[in-house]
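Here is how names work: the chains are called A, B, and so on, in the same order as the sequence lines, proteins then strands, and each is numbered from 1.
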There are 2 protein chains.
Amino acid sequence: MKAGLNGRVATLVGDSPLNRAGKLALADSLKTQVTEILKEKIFAGALKPGDALREMHIAREYSVSQATVREALLQLEQLGLAVRMANRGTIVTKLTPQDVRDRLEIRSELDPMACIKASAKLTEDDFAYLERLAKEISKDYKTPNYNFYETSQIDFQFHRYIWQRSGSPVLCATLEQVTLPLFAFIGLLRQVGVEERRTGDPHKPIIEALRSGKARQITQVVRAHFENSYNHFIESNSDDLQAVIEGRR
Amino acid sequence: MKAGLNGRVATLVGDSPLNRAGKLALADSLKTQVTEILKEKIFAGALKPGDALREMHIAREYSVSQATVREALLQLEQLGLAVRMANRGTIVTKLTPQDVRDRLEIRSELDPMACIKASAKLTEDDFAYLERLAKEISKDYKTPNYNFYETSQIDFQFHRYIWQRSGSPVLCATLEQVTLPLFAFIGLLRQVGVEERRTGDPHKPIIEALRSGKARQITQVVRAHFENSYNHFIESNSDDLQAVIEGRR
DNA sequence: TTTATACCGATTACCGATAATCGCTTGACA
DNA sequence: TGTCAAGCGATTATCGGTAATCGGTATAAA
């Protein structure tokens with residue numbers, strides 16, 4: 001099985017100051033490898049909302065046992081990317097517009113909280129890393145027909161890194177769980193051209209606000225950042241949006 | 001294996017308007033049964049923070065396979081009651097005072113949010129149920145040497161029911177995950193007499209605020225409710241507290 | 001045609017056993 | 001005596017197979 005530790009995203013994620021401090025990434029368990037592969041497929045759109053995730057099929061595909069796949073699917077569920085129904089099976093999460101709104105509302109409270117905590121702790125190393133990520137994202141935005149799902153993963157890593165630096169593991173974990181599906185499925189929206197193109201570098205203001213250390217400014221900038229990205233969700237409820245989110249094709 | 005569907009707590013939880021609307025509680029899977037038993041033991045203090053949860057031992061004890069126990073432990077971890085370390089094993093969560101503070105801070109943002117959403121939807125049936133729970137809790141407080149862990153479970157059910165009624169599954173799940181460990185381990189504090197005795201019925205004001213439907217009042221009352229309960233955590237950092245939380249005996 | 005029911009294929013749930021891994025001990029060696 | 005690596009016991013990780021369960025379908029009765 002390919003370990004899934006290659007590619008631009010893995011490099012950027014693995015080369016964070018947090019990881020550099022520790023030792024090199026140790027070999028993951030089979031369960032985690034399967035989870036990573038499925039996660040990647042969901043981000044890439046190879047697995048769409050509503051798609052069935054059958055344990056034996058996946059087990060055969062990657063030459064692992066059903067038990068290993070089961071645990072991977074449990075992990076996926078915990079990440080919010082899959083839904084398990086007892087005795088029925090597992091499918092890729094189908095986000096409803098209301099669900100998206102709910103997740104954004106939670107994020108709008110917790111993300112600023114985490115950023116404020118982090119701003120007091122971020123070092124120059126951290127800022128350098130964040131700027132590197134921001135530059136990658138910005139570069140992608142300027143490229144026509146880029147792999148949006150890669151950008152989305154880097155985007156997630158940008159925010160997640162700040163959350164990790166908040167010093168509150170539980171806050172970080174909560175934000176990860178609540179927002180990961182948003183990052184995972186935003187790629188689908190791009191496919192139908194729903195999301196408007198950003199101008200400039202949307203993460204620059206966040207970095208500046210974090211540098212300023214001013215709580216009010218951070219809150220304002222952070223909320224504006226993602227509320228802008230998901231505007232169409234908050235406002236609209238159109239059928240094609242619904243269709244994309246629910247995985248109809 | 002005892003199904004764990006007996007006792008006062010199970011009756012109160014199972015007899016909610018939400019459950020009454022549906023069909024009777026269907027038989028849980030073995031995995032869930034094991035999870036429930038372990039959860040019960042943690043609430044009751046039979047399993048203390050730091051205690052090892054060995055898969056084969058538990059499997060033998062309840063005559064189930066190791067795989068079933070593994071999945072139960074994964075569920076426990078997702079509930080925040082256990083911590084798994086790859087290749088090392090699983091232990092009952094050891095909350096640090098800082099962790100408690102972090103969880104309370106998150107709750108102080110999300111709990112009011114959920115309560116405000118719920119207040120618009122609660123029916124008389126709901127209020128009747130909440131008042132019934134509140135009465136049970138209040139009754140316990142007046143009883144010397146009561147089973148605090150039972151009260152704690154009912155307390156959790158009281159809040160959880162409101163969260164469920166918020167209409168946001170994601171918000172409810174998040175609050176459950178963040179706060180369950182707080183409810184589970186508060187029983188330990190009682191053992192050393194740290195928590196002050198409450199006067200009157202602490203949940204009455206919440207019900208009244210929910211009835212009023214006023215966002216500001218709800219926020220104020222809800223925050224006061226649990227910030228009062230955990231005051232010693234927020235303020236103190238004494239060694240005996242630490243000892244209790246970390247499971248030293 | 002409608003409804004109830006027994007069966008069937010596909011899939012999940014669970015099991016018992018083996019392989020891999022970890023921390024710790026032991027003992028050779030400087 | 002201190003150090004380090006091989007070996008050991010306990011435990012987790014993974015496997016392959018069996019049992020239980022579900023939805024759907026074919027069949028039969030009304």
Check [X] against [Y] and note the closest heavy-atom contact, atom names and distance.
X        : Y        : value
B/Thr93  : B/Pro49  : O-CB, 3.3 Å
A/Cys172 : A/Arg160 : SG-O, 4.4 Å
B/Arg165 : B/Asp126 : NH2-OD1, 3.0 Å

field: Set of residues satisfying side-chain contact (heavy atoms from CB on, under 4.5 Å) with respect to A/Ala184, sequence neighbours excluded
entry: A/Ile42, A/Phe43, A/Leu81

query: In Å and rounded to the nearest 0.5 Å, what is the CD to CG distance from B/Gln157 to B/Leu12?
result: 8.0 Å

message: Let me confirm one number: the CZ-CG distance from B/Phe127 to B/Leu122, rounded to the nearest 0.5 Å.
response: 4.5 Å

field: Sequence neighbours excluded - side chain to side chain donor-acceptor pair (under 3.5 Å) pairs with any residue from residues 167-183 of chain A
entry: A/Ser168-B/Asp102, A/Gln177-B/Gln177

Just the rounded figure in Å: distance from [atom2] of [N] to [atom1] of [X].
X       : N      : atom1 : atom2 : answer
B/Glu71 : D/dT14 : CD    : P     : 13 Å
B/Met56 : C/dC14 : CE    : C1'   : 14 Å
A/Arg70 : C/dC14 : CZ    : P     : 7 Å
A/Gln33 : D/dA13 : CD    : P     : 14 Å
B/Leu53 : D/dA10 : CG    : C1'   : 16 Å
A/Ile58 : C/dT11 : CD1   : C1'   : 12 Å
B/Leu74 : C/dC14 : CG    : P     : 13 Å
A/Glu55 : C/dA13 : CD    : C1'   : 8 Å

Would you call [X] and [Y] a salt bridge, using N to O less than 4.0 angstrom?
X        : Y        : result
A/Lys117 : B/Glu105 : yes
A/Asp15  : A/Arg132 : yes
B/Glu55  : B/Arg84  : yes
B/Arg8   : B/Asp140 : yes

Are there any protein N/O atoms within less than 3.5 Å of an N/O atom in nucleotides 7-10 of chain C, and if so, which ones and at what distance?
none

Could you list, one pair per line, each protein nitrogen or oxygen that sits under 3.5 Å from a nitrogen or oxygen of nucleotides 15-19 of chain D, together with the distance?
residue : atom : partner : partner atom : Å
D/dC15  : OP2  : A/Ser65 : N            : 2.7
D/dC15  : OP2  : A/Ser65 : OG           : 3.2
D/dC15  : OP2  : A/Thr68 : OG1          : 2.8
D/dG17  : O6   : A/Gln66 : OE1          : 3.3

message: Angle between the two end axes of the helix from C/dT1-D/dA30 to C/dA30-D/dT1, five base pairs per end, rounded to 10 degrees?
response: 0°

- prompt: Under a 4.0 Å heavy-atom cut-off, which of residues 80-90 of chain A touch DNA chain D?
  reply: A/Asn87, A/Arg88

message: Quick check against the 3.5 Å criterion: does B/Ser166 have a side-chain atom that pairs as donor or acceptor with the backbone of B/Ala114?
response: no

query: Using 30° and 60° as the class limits, which term best fits the ring planes of A/Tyr129 and A/Tyr161: parallel, tilted or perpendicular?
result: perpendicular

